[in-house]
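The structure appears right after this line, and notes come after that.
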Amino acid sequence: MSQAPQPRESVAGPALALAFDVGGTSVRGAVVGAGDVALAESRVATRTGPPVLDDIAQLGEELLAGLSTMARAQVAGVGVAFPGLVDTRTGTSLKAVNLRLVDTPVAAPLAERLGLPVAVSHDTAAAAGAIWADAGSPASALVAVLGTGVAAVTYVEGRPIVGASGQAGELGHLVVDPGGPLCTCGLRGCVETRAGARGMLERYATLGGDPAITGVAELVARTDHDPLAAQVWSEAITALADGFLAVGALLAPGVIILGGGVAEAGGHLLEPLRDRMSERAGVTAVPPVRLSSLGARAGLLGAARLALASTGTGA
Ligand SMILES: [Zn+2]
C-alpha cells in the first residue's frame, strides 16, 4: 500500500474517494484521487452471501488505515459498483444471483462501519460511465463491459438508455446461439455463455483444453498454437459481433467502445471483431470499434466518480 502524497495547495486538499468494484471473482478496493490516480489499492477473493459485505468493510478499513492522517481527512465518501439488481436510492442489493444475495442492504452497514456516506451503483452502469467519460462522452455510443459476464450501456443524444425497467443493457443475455450452453439466467446460448470470461473458460474445459488455463489472458495467448483456444476465442468474437449487430440494427450507435478485463486482449479482440461484424452485418451499418484504456479498472474508477458526485465533491 502506498503512502498518500502530501497536498501542496491547501490543508484540506482535493477530495478523495474510497471505491469498490464487487466482481464475480474478486472485490477490488482503492482510494482514488484527482485524475483517476489510486493512492492505495487492494483486493480480496469474492465470497458469496452476507460475508461479502464484511469483506468490503474490512478492505475499506485497511485502505483507510494505510493513509496519512491528512489524506484520511480528504476521503469524502464511498462508492460501490455492485452486481445484479440494485436500488441505488436506498443502496440495497435487490438480487445478486452470483453473490446469492436478495433484498440485502449494502450502503447502510458499510456507512456504519466506515463512518462515511456510501453510494451504490449497478456495476455495469459505473464501469460504462467511467469508460464513456474517459472516451470524451460521445453523444451516440455503445459501451460494452467485457468481464466475467457481458453487459453494455447505449448512449443516445448524450444520455444512457436505462429503459422503463431501469435494466436496459443486458447484452450478455441476448440469445445468439439457441440451444447453446446453459446460462446463469436459465436461458441457453446467451452472448455471455460464449463471450464472458466464465463462459469461455468453461467452454475451453468442456472441449478438453489444458486444465492449467484459468484466465482469459492465458487463453488468448494460446490462440496461435492451441486449436481449442482458437475455437473458443473465435466463438466469443462471433457472439460479440452478433450481439453488437443486434444493438446496431435497433439503435445505430456512432461508436462501440470496449472496456472490462476481457478488452485487455487488445488487438487480439479488436481486429477479428471488426472483421466478423463486417462479414455478418447484412444491411446494418458497422460503426467504428475502439478499446477503452481503462480495461479492468473501469468499475473501480466508476465507483470513485459515483462517490464524489454523490457527495457533491466531484468534477
Ligand atoms: Zn443469460
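For the pair Arg305 and Asp36, the salt-bridge criterion is met [side-chain N within less than 4.0 Å of a carboxylate O].
The two residues Ser121 and Ala126 have their closest heavy-atom pair at OG-N, 3.8 Å. Residues Ala96 and Phe82 come closest through the heavy atom pair CB-CE2, 4.4 Å.
At least one donor-acceptor pair closer than 3.5 Å links the side chain of His122 to the backbone N or O of Gly84. No side-chain donor-acceptor contact under 3.5 Å links Glu264 to the backbone of Ala217. Between the Thr92 side chain and the Pro105 main chain, no donor and acceptor come within less than 3.5 Å of each other. Side-chain N or O atoms of Thr193 include none that pairs as donor or acceptor with a backbone N or O of Cys183 at under 3.5 Å.
Atom NE2 of His268 has 12 or fewer heavy atoms from other residues, nucleotides or ligands within 6.0 Å. The number of heavy-atom neighbours closer than 6.0 Å to CD of Glu112, taken from other residues, nucleotides and ligands shown, is 12 or below.
Between Arg222 and Tyr204, some side-chain heavy-atom pair lies under the 4.5 Å cut-off. Side-chain contact between Val106 and Leu53: present, with at least one pair of heavy atoms (C-beta onward) separated by less than 4.5 Å. Side-chain contact between Val22 and Pro83 is present, with heavy atoms from C-beta onward closer than 4.5 Å.
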Report, one line per pair, each donor and acceptor closer than 3.5 Å where one atom sits in a side chain of residues 277-287; sequence neighbours left out.
{"unit_1": "Ser278", "atom_1": "OG", "unit_2": "Arg274", "atom_2": "O", "d": "3.1"}
{"unit_1": "Arg280", "atom_1": "NE", "unit_2": "Asp242", "atom_2": "OD1", "d": "2.7"}
{"unit_1": "Arg280", "atom_1": "NH2", "unit_2": "Asp242", "atom_2": "OD2", "d": "2.9"}

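Sorted by first and then second residue, the salt bridge (charged side-chain N to carboxylate O under 4.0 Å, His left out) pairs with a member in residues 290-304 read Glu41-Arg297; sequence neighbours excluded. Listed by first then second residue, pairs satisfying salt bridge (charged side-chain N to carboxylate O under 4.0 Å, His left out) with a partner in residues 165-179 read Asp177-Arg194, not counting sequence neighbours.
Every residue two or more places apart in sequence or in another chain that forms a side chain to side chain contact (heavy atoms under 4.5 Å, CB included) with Leu207 is listed here: Arg203, Leu228, Gln231, Val232. Considering only residues two or more places apart in sequence or on other chains, Leu174 meets the side chain to side chain contact (heavy atoms under 4.5 Å, CB included) condition with Leu171, Val191, Ala246.
Checked by atom type, the side-chain pair Thr238/Arg276 shows a donor-acceptor distance below 3.5 Å.
Residue Ile257 belongs to a hydrophobic cluster whose other members are Val32, Ile131, Trp132, Val143, Val145, Val153, Tyr155, Val255, Leu294, Leu301, with links defined by side-chain heavy atoms closer than 4.5 Å.
Evaluated for a side-chain contact (heavy atoms from CB on, under 4.5 Å) with Arg72, the options Leu64, Leu16, Leu63, Val31 yield exactly one hit, Leu64.
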